[in-house]
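Before any comments, here is the structure.
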Amino acid sequence: MQKFSLLFVLALIVLACGGGEDTSSEAPMAKKEAAPAAKDINVKKIWKVRCIACHGLYGDMGTNGAANLQESTKDLDYRINIIKNGSENGVMTAFGEILDEDEIKAMAEYTMTFKKE
Ligand code: HEC
């Protein structure tokens with residue numbers, strides 16, 4: 001009788017564990033950490049909202065004496081500065097409080113693209 005109940009218990013254990021191997025062989029789902037998305041700065045949109053009134057779509061409109069960006073030879077630092085702090089004569093607005101550093105730099109780079117070869 002003793003032997004029989006021992007077999008019974010063993011059988012239960014085997015049953016309980018049976019099939020366990022199948023699920024454990026399943027590969028864990030590859031966990032992909034989403035890379036922090038590079039900030040998406042829409043320069044064209046900012047241009048149309050903030051800059052077009054004076055500089056025009058192509059940078060050469062010159063409203064209020066705005067510099068012609070197709071002819072400008074100013075370097076990137078100069079552009080970053082004028083966008084951030086405005087023009088010395090006060091005509092061009094300072095965007096330092098409206099746009100962040102990355103946006104200002106992106107806009108400065110964007111104004112370089114108007115230049116005609
Ligand atoms: C209210 C009109 C006005 C708006 C709006 C304006 N600008 Fe200007 N911008 C000017 C004027 C005027 C100058 C020339 C200033 C000077 O010569 O001192 C200028 C000059 C510049 C220059 C220097 C180019 C050069 O050769 O001197 C850059 C670059 C520039 N603007 C970019 C921008 C960007 C980018 C925006 C939008 C974020 C913008 N501007 C919005 C009026 C404006």
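Any value given below was found using the heavy atoms of this structure, including those in side chains, with hydrogens, waters and symmetry copies removed. Read the numbers this way: they start at 1 and go in the same order the structure lists the ligands and their atoms. If you read the sequence from its start, that first residue is 1, and numbering goes on from there.
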Item checked: Heavy atom of Gly65, distance to ligand 1 below 4.0 Å -> yes

Next item on the list: Decide whether the shortest distance between a heavy atom of Trp47 and an atom of ligand 1 is less than 4.0 Å.
Entry: yes

Notebook entry, point to check: Any side-chain donor paired with an acceptor under 3.5 Å for Thr93 and Arg50?
Noted result: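 No, no side-chain donor-acceptor contact under 3.5 Å.
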
Next item on the list: Can you pull out the closest protein heavy atom to atom 29 (C) of ligand 1? Residue, atom name and distance to 0.1 Å, please.
Entry: Arg79 CG, 3.4 Å

Notebook entry, point to check: Quick one: which of Cys54, Ala106, Ser72 has a heavy atom closest to atom 3 (C) of ligand 1?
Noted result: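 The nearest heavy atom belongs to Cys54.
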
Checklist line | Pick from Glu103, Arg50, Lys48, Glu71: the one approaching atom 5 (C) of ligand 1 most closely through a non-hydrogen atom | finding: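 Going through Glu103, Arg50, Lys48, Glu71 one by one, Arg50 has the nearest heavy atom to atom 5 (C) of ligand 1.
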
Next item on the list: Using a cut-off of strictly less than 2.8 Å, determine whether His55 has an N/O/S atom near atom 8 (Fe) of ligand 1.
Entry: yes

Item checked: N/O/S from Met92 sitting under 2.8 Å away from atom 8 (Fe) of ligand 1 -> yes

Check: Where the side chain of Asn64 meets the backbone of Ala66, is there a donor-acceptor pair that is under 3.5 Å apart?
Finding: no

Could you tell me if the side chain of [Y] sits less than 4.5 Å from the side chain of [X], heavy atoms only?
X: Phe95; Y: Glu103; answer: no
X: Lys115; Y: Leu69; answer: no
X: Phe114; Y: His55; answer: no

